[in-house]
Trainee: 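Shown below is the structure under consideration.
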Amino acid sequence: RLVGSEMCIRDRIRAQQRQAMKDGKFIGARTPYGYLKAEDDCHQLIIDPVAAVVVQRMFRWASEGAGLNTIAVRLNEAGILTPSHYKKMQGKITHENLLGSGKWQTRTVGVILRSEVYTGDLVQGQTKTVDHRQVKADAEEWTVVRDTHEAIISREQFAAVQEILNQTASRAKARLVKAYTPNLFKGKVFCAHCGGSLHPVSYTHLTLPTN
């Protein structure tokens, strides 16, 4: 358990972090893919010219209708390093546990395409510590500061991609709902022998080989 002085120090650090976020300062340990920390100010993001080109390519593909999996496949086929392996090459990540498989995944692509940081805005405080665990914070708890750094993509392109992603997610959800067929006979039709509730069963018809 924390004693009084330790709690005061912890609360002071958190207050300083909240104020830094409100001031538009980046407080993360590692920068988002596509950005670096300025040499003279570790709280200021500057564009990484190599990774930024990849980010722009991803948003362009998405705006043209390419899905998350398609984008991941294209990046892997092009031999582009994943964010964690790219940061390892830069010396920003040294621990092996922080490295992924080395292959782009749809989740990684989705996180990048959903991140407002690429429009020049900082959105921080999206997680919080509850009972020593990191949990997702509600949107109203986030700290959003506009125009804190140079944008990699325009707000218009970001908004267009969000609309496409939302439409794709809605269609996928609709397909899942349609695929589910409720048992209309549940609790209504019972077996005359055992008294158990009857339910529909799907059969796969097999064609036996003939000699």
Side-chain angles (χ1 to χ4, degrees), residues 9-64 68 71 75 80-95 98-100 104-130 133-166 169:
I9 293 173
R10 182 195 61 184
D11 292 341
R12 191 180 305 121
I13 291 174
R14 287 182 177 176
Q16 291 173 345
Q17 289 179 331
R18 284 195 296 269
Q19 186 57 52
M21 289 190 291
K22 291 178 181 178
D23 293 339
K25 296 179 179 180
F26 177 76
I27 66 168
R30 288 183 296 276
T31 60
Y33 180 72
Y35 285 101
L36 301 169
K37 290 182 179 180
E39 291 185 4
D40 58 345
D41 185 356
C42 65
H43 298 296
Q44 179 62 46
L45 296 180
I46 60 174
I47 286 181
D48 178 340
V50 176
V53 171
V54 179
V55 173
Q56 290 171 338
R57 191 182 306 174
M58 294 168 67
F59 273 90
R60 185 178 72 250
W61 284 339
S63 64
E64 293 170 350
L68 301 182
I71 293 174
L75 293 170
I80 296 173
L81 292 176
T82 60
S84 61
H85 283 257
Y86 179 67
K87 289 185 181 297
K88 178 186 178 184
M89 185 192 71
Q90 294 176 310
K92 307 295 183 182
I93 292 180
T94 57
H95 203 293
L98 297 175
L99 296 174
W104 284 87
Q105 307 292 334
T106 55
R107 182 183 180 278
T108 306
V109 174
V111 168
I112 290 175
L113 294 179
R114 289 289 193 182
S115 180
E116 289 185 70
V117 72
Y118 301 113
T119 66
D121 302 336
L122 270 183
V123 181
Q124 301 184 100
Q126 293 174 283
T127 60
K128 61 182 179 180
T129 303
V130 177
R133 295 186 299 110
Q134 284 288 322
V135 298
K136 190 172 182 179
D138 295 331
E140 55 267 21
E141 299 179 81
W142 300 353
T143 301
V144 182
V145 184
R146 306 297 182 192
D147 299 314
T148 59
H149 54 275
E150 188 177 352
I152 292 178
I153 62 164
S154 68
R155 286 192 174 88
E156 291 75 19
Q157 186 178 24
F158 181 81
V161 168
Q162 302 317 297
E163 181 65 24
I164 292 172
L165 294 176
N166 292 339

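This is a predicted model, so every value here is computed, not measured. We number each residue from 1, following the sequence as shown.
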Trainee: Should the heavy atoms of other residues, nucleotides or ligands under 6.0 Å from NZ of K92 be counted, would the total exceed 12?
Mentor: no

Trainee: Donor-acceptor pair, K37 side chain versus A29 backbone, under 3.5 Å?
Mentor: yes

Trainee: Looking only at side chains, do Q124 and T143 share a donor and an acceptor under 3.5 Å apart?
Mentor: no

Trainee: Heavy-atom count check: over 12 atoms from other residues, nucleotides or ligands less than 6.0 Å from R30 CZ?
Mentor: no

Trainee: Please tell me if the side chains of M58 and L113 come closer than 4.5 Å, counting only heavy atoms from C-beta onward.
Mentor: yes

Trainee: Judged by atom type as modelled, is there a donor-acceptor pair below 3.5 Å linking the side chain of S115 to the main-chain atoms of I112?
Mentor: no

Trainee: Considering only heavy atoms from C-beta outward, does the side chain of V117 approach that of V123 to under 4.5 Å?
Mentor: no

Trainee: Please report the interatomic distance CD(Q44) to OG1(T31), rounded to the nearest 0.5 Å.
Mentor: 12.0 Å

Trainee: For Q19 and D23, test the side chains for any donor-to-acceptor distance below 3.5 angstrom and give the result as yes or no.
Mentor: yes

Trainee: Check this for me: E150, atom CD, are more than 12 non-hydrogen atoms of other residues, nucleotides or ligands nearer than 6.0 Å?
Mentor: no

Trainee: Can you find a heavy atom in the side chain of V145 that is under 4.5 Å from one in the side chain of K22?
Mentor: no

Trainee: Quick check against the 3.5 Å criterion: does D138 have a side-chain atom that pairs as donor or acceptor with the backbone of E140?
Mentor: no

Trainee: Would you please test Y118 and Y35 for side chain to side chain contact (heavy atoms under 4.5 Å, CB included) and show each step?
Mentor: CA-CA 9 Å; Y118 301 113; Y35 285 101; 3.8 Å; yes

Trainee: Return yes when atom CZ of R114 has more than 12 non-hydrogen atoms of other residues, nucleotides or ligands closer than 6.0 Å, and no otherwise.
Mentor: yes

Trainee: Which is it for T127 and V135 under the side chain to side chain contact (heavy atoms under 4.5 Å, CB included) test, yes or no, and what are the steps along the way?
Mentor: CA-CA 5 Å; T127 60; V135 298; over 6 Å; no

Trainee: Any side-chain heavy atom of L45 within less than 4.5 Å of one from P32?
Mentor: yes

Trainee: How long is the span from the CG atom in L75 to the CZ atom in R57, to the nearest 0.5 Å?
Mentor: 7.5 Å

Trainee: Side-chain contact, heavy-atom cut-off 4.5 Å: I46 with E39?
Mentor: no

Trainee: So which of L81, L36, V50 actually passes side-chain contact (heavy atoms from CB on, under 4.5 Å) with Q90?
Mentor: L36

Trainee: Mind listing the closest non-hydrogen atom pair of I47 and A52 along with its distance?
Mentor: CG2-CB, 3.6 Å

Trainee: Is the backbone of D147 close enough, under 3.5 Å, to the side chain of D121 for a donor and an acceptor to pair up by distance?
Mentor: yes

Trainee: Calculate, to the nearest 0.5 Å, the distance between atoms NE2 and CG belonging to H43 and L122 respectively.
Mentor: 12.0 Å

Trainee: Taking all non-hydrogen atoms of both residues, which atom of P49 and which atom of V53 are closest, and how far apart?
Mentor: O-CG2, 3.2 Å

Trainee: Is any NZ, NE, NH1 or NH2 atom of the basic residue among K136 and E141 found under 4.0 Å from an Asp or Glu carboxylate oxygen of the other?
Mentor: no

Trainee: With a 4.5 Å limit on heavy-atom distance, are the side chains of S154 and T119 in contact?
Mentor: no

Trainee: Mind checking whether I93 and L99 have side chains closer than 4.5 Å, heavy atoms only?
Mentor: yes

Trainee: Measure the shortest side-chain to side-chain distance between R146 and R155 over non-hydrogen atoms and say whether it is less than 4.5 angstrom.
Mentor: yes

Trainee: Once you round to the nearest 0.5 Å, how far does CG of D11 lie from CD of Q16?
Mentor: 11.0 Å

Trainee: Between W104 and Y33, what is the ring plane arrangement, given parallel below 30°, perpendicular above 60°, and tilted in between?
Mentor: perpendicular

Trainee: NZ of K128 to CZ of R14: how many Å apart, nearest 0.5 Å?
Mentor: 11.0 Å

Trainee: Minimum heavy-atom separation for W142 to A137, with atom names?
Mentor: NE1-O, 3.2 Å

Trainee: State, to 0.1 Å, how close I27 and A20 come at their nearest heavy-atom pair, and which atoms those are.
Mentor: CG2-CB, 3.8 Å

Trainee: When rounded to the nearest 0.5 angstrom, what distance separates CD in Q17 from CE in M21?
Mentor: 6.5 Å

